[in-house]
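Everything numeric in this text was worked out from a predicted model, so none of it was measured.
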Amino acid sequence: MLFTPWGEALVRSWYRHALVTLSRLPHVERVAYHPSQVSRPRFLSRLSELRDLGVRHSVGIVGLEEHWREAVAMREVLPAATYLWVNAADGHVYDDAIARWTEIDPLFGYSARPHSSLGRRCRTGSEVVSVSGDGSVTRCHFVPSPLGNVHDGSFRTSLGDRPCPLTVCDCHIGYVHLEHLRLDQVFGPGLLERLPISFDSRDPLLPLDAR
């Protein structure tokens with residue numbers, strides 16, 4: 001279960017309560033949260049707490065030129081086993097810069113280029129759904145057609161395999177479910193939270209060639 005709030009949600013008690021409550025449900029394997037920006041010292045301090053607790057995690061940054069030095073600095077101070085992923089900025093064209101950012105994130109090629117998705121098999125709508133604040137269920141974050149509502153269970157009869165109706169998909173929480181990309185082999189159970197099955201920045205060999 002992945003939370004993607006607008007802004008920094010954990011300052012709100014109801015988000016904290018929801019994350020804790022959901023994480024304790026017997027049928028929920030994991031709950032992940034996509035935060036906003038924070039200062040490096042505070043961020044590193046919280047990461048240290050996660051490591052002490054034995055919580056697996058990854059770290060993300062937006063791939064803009066003004067963030068390059070911060071990305072390099074972050075990669076240097078993070079443990080080798082912590083995956084630092086770079087998210088391509090909306091509408092930004094990378095071209096030759098892809099190779100540069102791939103030095104930080106060996107999987108950046110997936111984020112930097114939109115993926116042809118029209119008519120392709122996708123796990124959204126069958127194994128994965130998106131739920132808005134009012135309980136409305138859609139197959140994914142980027143396809144607005146309603147499947148029903150989570151509160152009354154009406155979405156259940158609409159679940160099933162169906163091809164993607166969009167021309168392209170260019171966001172991780174969407175394209176990661178396209179079957180032909182086989183990213184489930186890279187991330188395994190860490191698919192939603194962008195956490196590879198295994199990672200070592202000193203030798204970032206991954207199951208697929210993302211470059």
Side-chain angles (χ1 to χ4, degrees), residues 1-10 12 14-15 18-19 22-23 25 27-36 58 60-64 85-94 98 105 107-197 207-208 210:
M1 185 170 292
L2 175 67
F3 276 71
T4 55
W6 298 105
E8 183 55 72
L10 290 187
R12 310 295 182 185
W14 51 87
Y15 270 104
L19 284 169
L22 288 168
S23 70
L25 294 176
H27 63 288
V28 175
E29 293 184 3
R30 58 180 45 126
V31 179
Y33 167 67
H34 193 314
S36 188
S58 62
I61 194 167
V62 178
L64 291 173
W85 48 270
V86 179
N87 209 46
D90 288 343
H92 194 78
V93 179
Y94 286 88
I98 291 179
D105 175 6
L107 291 172
F108 180 67
Y110 283 108
S111 180
R113 302 184 183 96
H115 301 277
S116 176
S117 58
L118 184 62
R120 294 276 196 168
R121 290 181 59 86
C122 180
R123 286 181 289 270
T124 61
S126 57
E127 300 178 30
V128 181
V129 295
S130 179
V131 183
S132 63
D134 64 0
S136 298
V137 178
T138 58
R139 64 172 296 172
C140 90
H141 192 69
F142 309 103
V143 179
S145 302
L147 299 179
N149 195 282
V150 72
H151 296 301
D152 60 13
S154 57
F155 74 98
R156 296 183 184 280
T157 58
S158 300
L159 297 178
D161 293 329
R162 51 176 66 82
C164 180
L166 304 180
T167 303
V168 296
C169 187
D170 62 358
C171 183
H172 175 89
I173 61 175
Y175 66 68
V176 76
H177 302 296
L178 289 170
E179 292 187 6
H180 71 281
L181 295 181
R182 295 181 294 137
L183 284 171
D184 57 318
Q185 297 181 25
V186 176
F187 296 101
L191 198 68
L192 286 178
E193 60 266 43
R194 216 162 179 163
L195 189 59
I197 296 172
L208 301 180

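Of all the heavy atoms in Asp134 and His151, the pair that sits closest is O-CD2, 3.5 Å. Here the closest heavy-atom approach between residue Leu19 and residue Val31 is recorded as CD2-CG1, 3.0 Å. When all heavy atoms of His92 and Leu64 are compared, the closest pair comes out as ND1-CD2, 4.2 Å. Nearest approach of Ser117 to Leu166, heavy atoms of both residues: OG-O, 2.9 Å. Taking each heavy atom of Leu147 and Gly125 in turn, the nearest pair found is CD1-CA, 4.5 Å. Of all non-hydrogen atoms in Ala88 and Ser111, the two that sit nearest each other are N-OG, 2.8 Å.
Counting heavy atoms from C-beta on, the side chains of Arg113 and Asp170 never come closer than 4.5 Å. Side-chain contact between Asp161 and Arg121 is present, with at least one heavy-atom pair separated by less than 4.5 Å. Under the 4.5 Å side-chain criterion, counting only non-hydrogen atoms from C-beta, Leu159 is not in contact with Ser126. Put simply, the side chain of Phe187 reaches to within 4.5 Å of the side chain of Leu107, judged on heavy atoms. For the pair Ile173/Phe142, a side-chain contact is recorded, criterion being any heavy-atom separation below 4.5 Å from C-beta on. Contact of the Tyr94 side chain with the Phe108 side chain is registered, since non-hydrogen atoms from C-beta on lie closer than 4.5 Å.
For Leu192, the side-chain contact (heavy atoms from CB on, under 4.5 Å) partners two or more places apart in sequence, or in a different chain, are Leu2, His177. For Ser154, the side-chain contact (heavy atoms from CB on, under 4.5 Å) partners two or more places apart in sequence, or in a different chain, are Asn149, Asp152. Applying the side-chain contact (heavy atoms from CB on, under 4.5 Å) test to Ser130 and every residue at least two apart in sequence or in another chain returns Thr138, His141.
Arg30 contributes a side-chain N or O that, together with a main-chain N or O of Pro189, makes up a donor-acceptor pair within less than 3.5 Å. Remark: side-chain polar atoms of Asp105 are paired, donor with acceptor, to backbone N or O of Val86 under 3.5 angstrom. Of the possible donor and acceptor atoms, none in the side chain of Arg139 sits under 3.5 Å from a partner among the backbone N and O of Pro144. Put simply, the side chain of His172 gets close to the backbone of Leu191: a donor and an acceptor are under 3.5 Å apart.
One finds the CD atom of Glu127 at 9.5 Å from the SG atom of Cys122 (value rounded to the nearest 0.5 Å).
Within 6.0 Å of CZ on Arg162 lie more than 12 heavy atoms contributed by other residues, nucleotides or ligands.
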Handout entry: Asn87 and Arg194: CA distance, side-chain angles, deciding distance, side-chain contact (heavy atoms from CB on, under 4.5 Å) verdict
Key = CA-CA 11 Å; Asn87 209 46; Arg194 216 162 179 163; 2.8 Å; yes
Problem - Verdict with supporting geometry, Leu178 and Arg123, side-chain contact (heavy atoms from CB on, under 4.5 Å) - result: CA-CA 7 Å; Leu178 289 170; Arg123 286 181 289 270; over 6 Å; no
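Using cut-offs of 30° and 60° on the angle between ring planes, the pair His115 and Tyr175 is tilted.
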